[in-house]
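Below is one structure, written out as structure tokens; the observations come after it.
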Amino acid sequence: MSAEDGEFAASWKPRVQMAWRVALDMLFPPQSLDGGPRPLAGGFSAGAWSRIRFLDGPVCDGCGAPFEFDPGARCAACLAKPRAFDAARAACLYDETSRDPILKLKHADRLDLAPMFARWLSRSARELIEEADAIAPVPLHPLRLLRRRYNQAAEIARPLAAMTGTPYLPDALVRRRATATQGGKSGSGRKRNVAGAFEVPDPRRVEGLRILLIDDVLTTGATAEGCARALKAAGAARVDLAVVARVQAAAGLTI
């Protein structure tokens with residue numbers, strides 16, 4: 001194929017994809033994820049979009065917690081006790097509105113939601129993505145992966161890497177030890193639960209790299225910190241974290 005033919009094909013590809021999407025929408029009109037009025041495209045209804053608490057304002061550079069105003073780079077908790085990961089960003093708060101689609105991806109085989117979450121992260125974690133040498137998902141233990149059939153963090157990380165052009169390392173980190181669910185545990189209990197659970201099989205793959213970890217929800221940060229410690233012990237230069245949602249008040253919400 002000549003260069004001219006390649007340019008011609010490249011110019012027409014987006015148009016063909018758009019025409020295909022329009023045709024599919026005519027045959028199978030998009031449905032709202034939240035049960036509201038039919039949206040113009042697959043996703044939330046207009047009312048649900050307005051209820052999602054996207055973290056577009058000032059946030060703590062260390063843990064991604066929202067600030068009412070911009071007091072500086074780090075919150076008091078991160079200044080007092082820095083995290084094992086270097087910085088974190090969340091697309092939104094984990095609440096009754098965002099909880100349902102996140103749990104649908106995690107437990108109900110709704111893999112079609114992963115690209116939407118990846119687009120959210122491409123905006124909220126833009127600065128971290130620009131600095132990253134590679135993107136890696138928080139891993140599942142093989143037994144849990146067998147039961148669930150997929151890793152929701154990997155399903156978000158893969159399209160995020162593709163749309164941003166960042167190298168994707170799906171198996172840079174593994175979970176060697178099967179751990180109990182983190183749900184219902186205190187912060188210290190979560191740390192004990194994942195202590196020593198993560199391992200880097202081939203340190204040469206991460207040595208000197210700036211790694212961006214991807215997960216669905218950030219609660220206490222114990223799992224992400226366990227991953228960050230393993231990556232840094234293997235020689236990673238920096239480990240940042242990007243999640244779809246972070247918990248502000250965990251009471252009454254199932255993760």
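Of all the heavy atoms in A172 and V200, the pair that sits closest is O-CG1, 3.4 Å. The two residues G226 and F198 come nearest to each other via the heavy atoms C-CD1, 3.7 Å. Closest approach of R83 to G62, counting heavy atoms only: CG-O, 4.3 Å. Nearest heavy-atom pair, P159 versus A118, reported as atom, atom and distance to 0.1 Å: CG-CB, 3.9 Å. The two residues W120 and C92 have their closest heavy-atom pair at CZ3-SG, 4.0 Å. Closest of all the heavy-atom pairs between L79 and P82 is O-CD, 4.2 Å.
Ionic pairing of D100 and R110 is not present here: no N-O contact between side-chain nitrogen and carboxylate oxygen is shorter than 4.0 angstrom. Taking a cutoff of 4.0 Å between a charged side-chain nitrogen and a carboxylate oxygen, D109 and R149 qualify as a salt bridge. Under the 4.0 Å criterion applied to side-chain N and carboxylate O atoms, D95 and R99 are not assigned as salt-bridge partners.
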Between I214 and V243, is the side-chain contact (heavy atoms from CB on, under 4.5 Å) condition met? List the steps. CA-CA 6 Å; I214 304 299; V243 298; over 6 Å; no
Apply side-chain contact (heavy atoms from CB on, under 4.5 Å) to C227 and R175, showing your working. CA-CA 9 Å; C227 292; R175 192 184 296 235; over 6 Å; no
Can you check side-chain contact (heavy atoms from CB on, under 4.5 Å) on F117 and L105, steps first, answer last? CA-CA 10 Å; F117 291 144; L105 169 63; 3.7 Å; yes
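Note that CG of L169 and CG of L213 are 10.5 Å apart. Values are rounded to the nearest 0.5 Å. Atom CG of L93 and atom CZ of R53 lie 4.5 Å apart (nearest 0.5 Å). Distance CG/L55 to SG/C60: 12.0 Å, rounded to 0.5 Å. Summarising the geometry, atom CG belonging to L121 is positioned 9.0 Å from atom CE belonging to M163; distances are rounded to the nearest 0.5 Å. For the atom pair R205 CZ and L173 CG, the distance stands at 11.0 Å (nearest 0.5 Å). To the nearest 0.5 Å, the span separating CZ on F85 from CZ on R238 amounts to 11.5 Å.
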Let me check something: any side-chain donor-acceptor pairs from residues 130-139 under 3.5 Å, sequence neighbours excluded? List them with distances.
| residue | atom | partner | partner atom | Å |
| --- | --- | --- | --- | --- |
| D133 | OD1 | R210 | NH2 | 3.0 |
| D133 | OD2 | R210 | N | 2.8 |
| D133 | OD2 | R210 | NE | 3.1 |

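Counting only distance, with no hydrogens or angles, the side chain of R229 and the backbone of A224 share no donor-acceptor pair below 3.5 Å. Listed for the E225 side chain is a donor-acceptor partner under 3.5 Å among the backbone atoms of A84.
Taken together through direct or relayed side-chain contacts under 4.5 Å among Ile, Leu, Val, Met, Phe, Trp and Tyr, F54 and I129 form part of one hydrophobic cluster. Residues Y150 and V217 share a single hydrophobic cluster, defined by chaining ILVMFWY side chains whose heavy atoms lie under 4.5 Å apart. Under the 4.5 Å side-chain heavy-atom criterion for Ile, Leu, Val, Met, Phe, Trp and Tyr, L140 and L218 are members of distinct hydrophobic clusters. L231 and V174 end up in different hydrophobic clusters when Ile, Leu, Val, Met, Phe, Trp and Tyr side chains are linked at under 4.5 Å.
Using a 4.5 Å cut-off on side-chain heavy atoms (C-beta onward), D240 and R89 make no contact. Put simply, the side chain of H107 reaches to within 4.5 Å of the side chain of R148, judged on heavy atoms. Side-chain contact between D216 and K106 is present, with heavy atoms from C-beta onward closer than 4.5 Å. Looking only at side-chain heavy atoms (C-beta outward), E207 and D202 stay at 4.5 Å or farther from each other. Between P66 and P58, the closest side-chain pair of non-hydrogen atoms is not below 4.5 Å. Contact annotation: the side chain of R176 approaches that of P201 to within less than 4.5 Å [non-hydrogen atoms, C-beta and beyond].
Counting non-hydrogen atoms of other residues, nucleotides and ligands closer than 6.0 Å to CZ of R126 gives a total of 12 or fewer.
The list of salt bridge (charged side-chain N to carboxylate O under 4.0 Å, His left out) pairs with a residue in residues 150-164, not counting sequence neighbours, reads E155-R158.
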